2 protein chains.
Amino acid sequence: MTKHKDNKTEEQILEAAQKIFQAKGMDGARMQEIADKASINKAMLHYYYRSKQLLFEAVFKKAFALLAPQLNAILNDDSSLEDKIKNFTHNYISFIIKHPYLPNFIIQELNRNPKFIEKIKNNVAFPSIDKFKLQVQKEVKNGTIVSISAEQLFINILALNIFPFVASPLIKAFANVDDKTYKRLLEARKKEVSDFIINAIKK
Amino acid sequence: MTKHKDNKTEEQILEAAQKIFQAKGMDGARMQEIADKASINKAMLHYYYRSKQLLFEAVFKKAFALLAPQLNAILNDDSSLEDKIKNFTHNYISFIIKHPYLPNFIIQELNRNPKFIEKIKNNVAFPSIDKFKLQVQKEVKNGTIVSISAEQLFINILALNIFPFVASPLIKAFANVDDKTYKRLLEARKKEVSDFIINAIKK
DNA sequence: ACATTTGTTAACCAAACGGTTAAACTAAAT
DNA sequence: ATTTAGTTTAACCGTTTGGTTAACAAATGT
């Protein structure tokens with residue numbers, strides 16, 4: 001061991017930063033607030049992460065590294081298309097219910113700074129659509145599903161799974177449902193969404 | 001006329017504020033930057049709108065008032081369900097291509113402050129889902145579409161239409177497409193999305 | 001035992017921030 | 001021509017912000 005104390009403080013900081021950044025975004029977060037939540041002196045944030053930007057990047061990368069493997073399941077798994085859609089939809093919605101801030105955080109911050117994705121590509125295992133593309137093309141050729149491009153299907157799958165979490169305040173207002181009812185709707189989507197997609201592409 | 005000059009300045013401010021707020025959000029926007037973009041003195045912002053918060057609210061309300069009637073088309077139009085989906089999808093995507101910042105701005109700021117929707121409800125014509133609900137229930141009963149709740153169908157329609165604009169940096173990265181290709185994909189969705197939805201609910 | 005590195009703190013700093021002030025300017029009203 | 005009300009500006013203000021400093025404490029190496 002080169003360090004005498006274990007990295008408890010460093011982890012506390014990252015955890016606190018995660019909560020604050022995900023709730024308020026890069027611009028809305030305050031270093032003092034993160035320090036308070038971590039119950040340490042503000043100078044420690046800079047001691048361990050040098051700057052707000054670098055602390056933010058550490059949080060973002062960690063969040064992204066949590067999300068990316070989920071998406072990998074639909075792009076590079078070996079199962080059939082129908083199984084993939086069923087499994088992904090069920091697993092992904094379960095996953096996000098446990099991390100409700102995640103998709104919005106990532107989408108929001110990528111919109112704020114789209115170039116950021118390049119930095120991520122070098123650090124986090126990044127799924128590719130190639131395999132999924134071949135699979136969809138094959139099924140279209142075989143006539144088992146309607147004619148659709150892999151990209152459009154991919155967008156549709158992501159949209160139906162992620163959007164309800166990202167736009168929840170908007171949907172709640174328009175659909176006129178309270179928090180409890182909305183949670184029930186999301187829970188039901190674990191099954192509803194895959195039925196919807198499979199129906200949409202089945203011939 | 002009680003005022004000698006027309007409200008040119010006030011409009012310039014609102015226009016500049018719109019651009020800055022929609023690009024950077026409430027927290028990321030700077031009053032000085034808005035003033036610069038409007039080519040006026042910073043004090044004028046406060047002369048006309050008193051505070052950053054009130055200026056932001058003016059921008060948000062204007063944006064929301066632009067979006068709400070669009071959603072009204074799917075909820076309260078008199079046409080058949082199939083026509084509605086076709087028309088809404090085509091019109092909405094055309095509309096957003098012209099205002100690409102809009103959905104993300106509204107979603108982002110509503111997530112930052114969900115209570116804000118209450119303020120809006122009192123100021124902007126707010127569509128209700130009731131009529132759409134009856135229509136869907138009727139079609140399900142008649143057996144013309146599969147069993148689905150109006151709320152889930154509404155969420156799916158919104159998701160498929162809005163998400164590709166909100167999450168474009170994410171999708172571009174995962175689907176590995178450049179800006180030009182992505183624009184073509186969005187254009188194609190004007191037809192693709194309605195086909196997808198109608199196929200999904202048709203018996 | 002002592003020197004060195006690592007961890008932690010309170011106090012501090014310059015810059016940026018939203019907002020204010022007071023004076024100058026403009027144009028319609030009397 | 002003078003008053004009056006609305007508009008615009010430069011300079012200013014108090015606070016908050018991310019970040020630094022220097023001194024101190026604790027652990028490690030020799």
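Values in this document were obtained by computation on a predicted structure and should not be read as measured data. Lettering follows sequence order; numbering is per chain, from 1. Reckoned from all heavy atoms, side chains included, excluding hydrogens, waters and symmetry mates.
With a 4.5 Å cut-off on side-chain heavy atoms, A/Phe64 and A/Phe126 count as touching.
Taking only side-chain atoms of A/Ala43, from C-beta outward, the nucleotide of C/dG18, D/dT7, C/dA10 with the closest atom is C/dA10. Considering only the side chain of B/Asn41, D/dA10 comes nearest among D/dA10, D/dT8, D/dG18. When distances are taken from the side chain of B/Met44 to each of C/dG7, D/dT8, D/dG18, the shortest belongs to D/dT8.
The distance between atom NZ of A/Lys8 and atom P of D/dA26, rounded to the nearest whole Å, is 14 Å. Across the protein-nucleic acid pair, A/Leu45 atom CG and C/dT8 atom P stand 12 Å apart, rounded to whole Å. Spacing between atom NZ of B/Lys42 and atom C1' of D/dA11 amounts to 11 Å, rounded to whole angstrom units. Here C/dT20 presents its P atom at 9 Å from CZ of B/Arg50, a figure rounded to the nearest Å. Rounded to whole Å, the distance from CD on A/Glu10 to C1' on C/dT6 is 13 Å. The distance from atom OH of B/Tyr49 to atom C1' of C/dG18 is 18 Å, rounded to the nearest whole Å. As a whole-Å value, the separation of B/His46 NE2 from C/dA22 C1' is 17 Å.
Proximity of B/Ser51 to the phosphate of C/dG18: no side-chain N or O atom is located under 4.0 Å from OP1 or OP2. One finds no side-chain N or O of A/Tyr47 lying less than 4.0 angstrom from the OP1 or OP2 phosphate oxygen of D/dT20.
Only at 4.0 angstrom or more do the heavy atoms of residues 22-38 of chain A sit from any atom of DNA chain C, so none qualifies.
Every residue two or more places apart in sequence or in another chain was checked for a side-chain hydrogen bond (donor to acceptor under 3.5 Å, both in side chains) with B/Ser51, and none qualifies. Listed by chain and residue number, nothing satisfies the salt bridge (Lys or Arg N to Asp or Glu O under 4.0 Å) test with A/Asp83 (two or more places apart in sequence, or in another chain). For A/Glu139, there are no salt bridge (Lys or Arg N to Asp or Glu O under 4.0 Å) partners, not counting sequence neighbours. Remark: B/Asp78 engages B/Lys131 in a side-chain hydrogen bond (donor to acceptor under 3.5 Å, both in side chains) (not counting sequence neighbours).
Applying the side-chain hydrogen bond (donor to acceptor under 3.5 Å, both in side chains) test to pairs two or more places apart or on separate chains, those with a residue in residues 154-169 of chain B are A/Arg189-B/Asn156.
Interatomic distance, NZ of B/Lys115 versus CD1 of B/Ile117, reported as 14.0 Å (0.5 Å rounding).
Residues B/Lys52 and A/Ile40 both approach DNA chain C. Their nearest nucleotides, taken by heavy-atom distance, put A/Ile40 toward the 5′ side.
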